[in-house]
Amino acid sequence: MSEEHGDRGRGRAWRAARLGVLLACLAGLIAYLAWPGASTPKLAACVGGHGAPEVRRVPAHYLSGLRESIARVVPERLARLYEEGTIIAQSAWSDEEPSPPPVSAAAKRPAGYEMRWWAPNGDDVVADVLSFASPKAAGRFVALAGAERCRVHARRHPAAGPPRVSNLTWLNPDGAAEADVYMRRGSRVYRIADAPAGQHLGTVRAGSLQRTVATVDALACLLPGAHCSVVRPSVAA
């Protein structure tokens with residue numbers, strides 16, 4: 001084969017490889033745009049930068065108190081704990097899994113803790129506690145985390161649990177509908193979330209989350225400082 005033919009062959013191979021890369025990028029972009037949680041303008045305005053504040057960093061021993069504050073929200077006899085660990089404030093949007101302890105015992109951790117349970121009816125129930133630098137920062141987080149404009153297919157609901165809480169239903173990044181309740185007490189923010197079992201992903205059907213909203217409100221009454229007038233049994237059981 002002549003040198004000229006070799007150059008042409010290499011040129012064709014390079015163009016084919018470049019085309020393959022471009023097609024892969026295009027496929028990725030299409031998948032991203034098809035994802036129900038893909039809403040860049042909303043995230044840019046609500047998360048990071050001038051958006052929701054981040055939790056503070058704390059020594060490892062501080063986490064035990066955070067865990068203790070949410071551990072009794074779902075009794076062990078009623079549900080199975082399947083995951084727990086530290087989280088950051090942005091996890092309220094990304095639904096990222098909680099992180100295990102870092103290798104270094106001296107490293108500071110984010111002052112956020114999450115526990116996840118499978119309820120007997122198949123619901124995925126989550127409890128979070130987030131510790132911010134000040135009550136003002138915690139208030140700003142709740143204002144954005146509970147805002148319809150900061151979520152996908154979001155809708156606010158009247159709260160029937162603790163006083164001064166924020167109820168919201170939305171479509172999470174997995175395409176599942178869920179109900180959240182946010183409760184601020186001082187510089188701490190608590191969240192209870194429930195993604196019900198047996199739903200059609202990618203949609204939020206009208207009236208389908210009424211039971212789920214009632215569940216998170218009932219569970220929120222078991223949080224520290226909830227001050228509910230009547231603690232109703234959880235309908236997730």
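In this chain, residues are counted from 1 in sequence order. All values reported here derive from a predicted model rather than from experimental measurement.
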**Asked** Just by distance, do the side chain of Asp123 and the backbone of Val125 share a donor-acceptor pair under 3.5 Å?
**Response** no

**Message:** Checking one residue: Val126. Which other hydrophobic residues are in its cluster under the side-chain 4.5 Å linking rule?
**Reply:** none

**Prompt:** Can a salt bridge be assigned to the pair Glu84 and Arg67 using a cut-off of 4.0 Å between side-chain N and carboxylate O?
**Reply:** yes

**Request:** State, with a plain yes or no, whether a side-chain heavy atom of Arg149 is found less than 4.5 Å away from one of Cys46.
**Result:** yes

**Asked** With sequence neighbours excluded, what pairs up with Tyr113 under the ring-ring contact (aromatic ring centres under 6.0 Å, His included) test?
**Response** none

**Message:** Taking Gly51's backbone N and O only, do any of them form a donor-acceptor pair with Arg140's side chain (distance below 3.5 Å, no angle check)?
**Reply:** yes

**Request:** Identify the two heavy atoms, one from Ala119 and one from Ala79, that lie closest to each other, and give their separation to 0.1 Å.
**Result:** CA-CB, 4.0 Å

**Message:** If I compare all heavy atoms of Gly225 with all of Arg185, which pair ends up nearest, and what's the gap?
**Reply:** O-NE, 2.7 Å

**Message:** With ring-ring contact (aromatic ring centres under 6.0 Å, His included) as the rule and sequence neighbours excluded, what pairs involving residues 65-86 come up?
**Reply:** Tyr82-Trp118

**Prompt:** Is it true that a side-chain atom of Arg109 and a backbone atom of Ala107 form a donor plus acceptor pair closer than 3.5 Å?
**Reply:** yes

**Prompt:** Can you name the side-chain contact (heavy atoms from CB on, under 4.5 Å) partners of Leu201, sequence neighbours left out?
**Reply:** Ala176

**Message:** List the residues meeting side-chain hydrogen bond (donor to acceptor under 3.5 Å, both in side chains) with Trp170, not counting sequence neighbours, and say none if there are none.
**Reply:** Glu178, Asp180

**Prompt:** Any donor and acceptor pair, going by atom type alone, linking the side chain of Trp117 with main-chain N or O of Glu83 inside 3.5 Å?
**Reply:** no

**Message:** Between the side chains of Asp128 and Arg116, is the shortest nitrogen-to-carboxylate-oxygen separation below 4.0 Å, so that they form an ion pair?
**Reply:** no

**Request:** Determine, step by step, whether Val189 and Val129 satisfy the side chain to side chain contact (heavy atoms under 4.5 Å, CB included) criterion, reporting the C-alpha distance in whole Å, the side-chain angles of both residues, the deciding distance to 0.1 Å, and the verdict.
**Result:** CA-CA 6 Å; Val189 174; Val129 55; over 6 Å; no

**Request:** Kindly say whether Ala179 contributes a backbone atom to a donor-acceptor pair with the side chain of Asp194 at under 3.5 angstrom?
**Result:** no

**Asked** Should we say atom CD of Glu96 is surrounded by more than 12 heavy atoms from elsewhere, each under 6.0 Å from it?
**Response** no

**Item:** Closest non-hydrogen atom pair, Ala92 against Arg151
**Value:** O-NH1, 2.7 Å

**Electrostatic pair Arg80:Glu76 at N-O distance under 4.0 angstrom** = no

**Asked** Can you find a heavy atom in the side chain of Leu130 that is under 4.5 Å from one in the side chain of Arg188?
**Response** no

**Message:** Is the distance from the ring center of Phe132 to that of Phe141 below 6.0 Å?
**Reply:** yes

**Asked** Who are the side-chain hydrogen bond (donor to acceptor under 3.5 Å, both in side chains) partners of Ser131, not counting sequence neighbours?
**Response** Arg56, Tyr62

**Message:** Tell me whether Arg184 contacts the main-chain N or O of Gly186 through its side chain, where contact means a donor paired with an acceptor under 3.5 Å.
**Reply:** yes

**Message:** On a heavy-atom basis, which atom in Cys150 and which in Leu144 lie closest, and how many Å separate them?
**Reply:** CB-O, 3.4 Å

**Message:** Could you check whether any side-chain heavy atom of Leu66 comes within less than 4.5 Å of a side-chain heavy atom of Glu114, counting everything from C-beta outward?
**Reply:** no

**Request:** Indicate yes or no for a side-chain donor-acceptor contact from Ser91 to the backbone of Ser94 under 3.5 Å, with no hydrogens or angles considered.
**Result:** no

**Asked** Taking all non-hydrogen atoms of both residues, which atom of Gly161 and which atom of Cys228 are closest, and how far apart?
**Response** C-SG, 3.7 Å

**Message:** Ignoring hydrogens, what is the shortest heavy-atom contact between Asp95 and Pro173? Give both atom names and the distance.
**Reply:** CB-CD, 4.0 Å

